[in-house]
Amino acid sequence: MLDIKFVKQHIKMVQAKLDQRGQKIDLGPFTELDQKRRDILMELETLRFVRNTVSKEIGEKKQNKEDASDIISKAAEVSVKIKTLEEELVGTEENLRNFLMTIPNIPHESVVYGKGADDNPVIRTWGEKPLFPFPPKPHWEIGENLNILDFARAAKITGARFTLYRGMGALLERALINFMLDLHTTEHGYTEMLPPFMVNVNSMTGTGQLPKFADDLFKVEKTDYFLIPTAEVPITNIHREEILNEKDMPIYYTAYTPCFRSEAGSYGKDTRGLIRQHQFNKVEMVKFTTPETSYDELEKLTLNAEEVLKRLNIHYRTVSLCTGDLGFSSAKTYDVEAWLPGQKTYREISSCSNFEDFQARRASIRFRRSNGKVEFVHTLNGSGLAVGRTVVAVLENYQQPNGDAAIPEALKPYMKGIDRITAKGLA
RNA sequence: GGAGAGAUGGCUGAGUGGCCGAAAGCGAUCGCCUGCUAAGCGAUUGUACGCCCAUUAAAGGUGUACCGCGGGUUCGAAUCCCGCUCUCUCCGCCA
């Protein structure tokens with residue numbers, strides 16, 4: 001959510017920035033609602049002042065055993081008016097808040113203007129595309145040939161867009177999770193968390209999934225809970241409605257969780273393989289920082305994500321999302337895209353964002369400066385990494401002429417020391 | 001699932017209708033004292049929103065709201081009533 005005062009004072013600039021996102025967002029109702037709110041509030045506060053004064057008077061009279069019936073009836077009248085105005089105020093504030101809740105964040109000044117993914121500038125690349133003396137296969141073929149990924153049976157068990165991992169495939173997924181968590185906790189300074197995988201409406205609202213994106217979520221029947229679409233939600237909400245100490249910041253958390261996404265509106269896209277699933281695993285990194293350090297922290301966060309691919313020796317590039325491709329809550333986002341030789345394409349494997357105070361204001365996450373002043377924190381998060389897609393990257397980049405998949409050196413300690421995955425077990 | 005107890009400021013904890021935004025203690029901050037530390041003394045110590053002043057803002061002044069959340073009673077609610085949520089204890093069930 002944007003800052004009411006800021007929007008009020010810089011309405012033209014905010015409108016111009018939002019226009020760069022390429023969606024039609026009209027701030028007109030904002031000015032109107034805000035004015036209405038202040039008008040009501042002023043009148044209401046005056047009446048409350050009257051009531052408080054009169055009530056005090058009544059109390060004094062009663063104590064002196066004087067008759068107070070005349071002013072009591074007057075006070076009653078005032079109270080009736082107050083009640084009406086209070087209802088009006090609640091309604092107006094709700095409208096204002098609901099309106100602001102649907103307004104996306106303002107892109108940072110360093111974010112380039114663009115219409116969509118094709119306009120995202122490449123910031124850097126690492127490594128090189130590996131050369132294969134044979135046509136590299138897509139991961140779904142490798143995985144099925146090795147009998148480690150079973151899409152057909154997952155569809156039987158549940159439905160489309162789910163995967164059953166088998167044997168070394170399951171181990172590979174688990175190994176990646178542990179490898180990533182160990183890297184972030186022991187070398188990058190993050191504290192590991194294991195949060196609930198379902199959250200309530202307030203948490204979803206705090207990070208921006210609700211009210212606008214309910215269609216993307218799975219709701220648990222007979223409850224008000226939702227399955228998390230990313231660990232960002234429970235982890236960022238750890239400090240919802242709290243005031244942190246400046247000296248405790250920045251705070252770094254990392255967490256492995258499964259993620260559940262309905263992928264509404266993506267029919268026909270990425271229907272094969274592990275790329276787009278209703279359930280997938282992810283290791284997430286979340287930061288709470290002061291406003292003055294958040295952009296430095298975003299750079300570090302992105303490098304932390306990239307480090308995973310470096311250790312696995314997988315070629316990637318990092319792009320900066322342009323204004324038209326930026327997510328709702330984000331002021332600036334870097335996507336790390338791994339090279340997938342089987343599909344001859346770069347594919348997003350991590351997304352690292354600075355939300356500035358957008359989530360913090362929604363979720364009321366603040367900190368107290370050493371001089372006592374209270375301000376909103378900046379929140380950041382990034383995948384470190386999407387585990388299923390990392391499996392894809394490993395299988396496609398490490399595939400062998402005979403169909404085996406080699407194990408990256410860094411992963412061997414997590415894979416019982418084996419060198420490669422070979423086909424075995426019942427088909 | 002059944003029975004009971006509770007939810008107050010950073011923490012502990014008082015407060016059963018007006019004198020309570022809230023005692024006391026702890027903690028914290030600043031100052032004094034001190035060779036240093038500790039102790040001691042003094043002061044300060046919630047958040048949000050509105051208005052005034054000022055205008056880059058801050059500070060300041062003033063008002064309103066907030067004692068888990070939501071409603072009700074009342075001229076007036078932390079305090080009384082109702083609903084909900086959460087926590088704790090006991091019993092049952094359970095990975």
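First the proteins, then the strands, lettered A, B, ... as listed; each starts at 1. None of these values were measured; they are calculated from a predicted model.
Between A:Arg38 and A:Asp34 there is a salt bridge, since at least one side-chain N of the basic residue sits less than 4.0 Å from a carboxylate O of the acidic one. Comment: A:Arg366 does not engage A:Glu242 in a salt bridge, judged by the lack of any side-chain N to carboxylate O separation of less than 4.0 angstrom. With respect to the salt-bridge test (charged N to carboxylate O, under 4.0 angstrom), the residues A:Arg368 and A:Asp248 do not qualify. Between A:Lys83 and A:Glu87, none of the side-chain N atoms (NZ, or NE/NH1/NH2) sits under 4.0 Å from a carboxylate O, so this pair counts as no salt bridge. Salt-bridge check for A:Asp404 with A:Arg420: passed, with a basic side-chain N closer than 4.0 Å to an acidic carboxylate O.
In this structure, A:Val78 reaches neither bases nor backbone, as no heavy-atom distance under 4.0 Å exists between it and the strands shown. Residue contacts shown for A:Lys74 are absent, as no nucleic acid heavy atom lies under 4.0 Å away. No engagement by A:Lys247 is indicated, since no non-hydrogen atom pair under 4.0 Å with the nucleic acid exists. Heavy atoms of A:Asn52 sit under 4.0 angstrom from primed sugar atoms or phosphate atoms, though from no base atom. Within the 4.0 angstrom heavy-atom criterion, no nucleotide atom of any strand lies near A:Lys61. Backbone-only engagement by A:Leu41 is indicated by non-hydrogen atom pairs under 4.0 Å involving sugar-phosphate atoms exclusively.
In this entry B:G76 has no Watson-Crick or G-U wobble partner, no candidate having both defining distances under 3.5 Å. Base pairing of B:C53 is not made with any nucleotide, judged by Watson-Crick or G-U wobble geometry with both donor-acceptor distances under 3.5 Å. The partner of B:U85 is B:A7, judged by Watson-Crick or G-U wobble contacts that both fall below 3.5 Å. Both distances falling under 3.5 Å, in either a Watson-Crick or a G-U wobble arrangement, place B:C32 opposite B:G40. Base pairing annotation: B:C19 forms no Watson-Crick or G-U wobble pair, as no partner gives both donor-acceptor distances under 3.5 Å. Base pairing annotation: B:U64 forms a Watson-Crick or G-U wobble pair with B:A48, both donor-acceptor distances under 3.5 Å. The pairing partner recorded for B:G1 is B:C91, the criterion being a Watson-Crick or G-U wobble arrangement whose two distances lie under 3.5 angstrom.
Whole-Å rounding puts the A:Lys56 NZ to B:A77 P distance at 13 Å. Here the C1' atom of nucleotide B:C49 and the CG atom of A:Leu89 are 10 Å apart, to the nearest Å.
For B:G9 and B:G70, the P atoms lie 15 Å apart once the distance is rounded to whole Å. If you take atom C1' in B:A58 and the same atom in B:C53, they sit 13 Å apart, rounded to whole Å. The gap from the P atom of B:G46 to that of B:A39 amounts to 24 Å, rounded to the nearest Å. B:A77 and B:G2: their P atoms are spaced 35 Å apart (whole Å).
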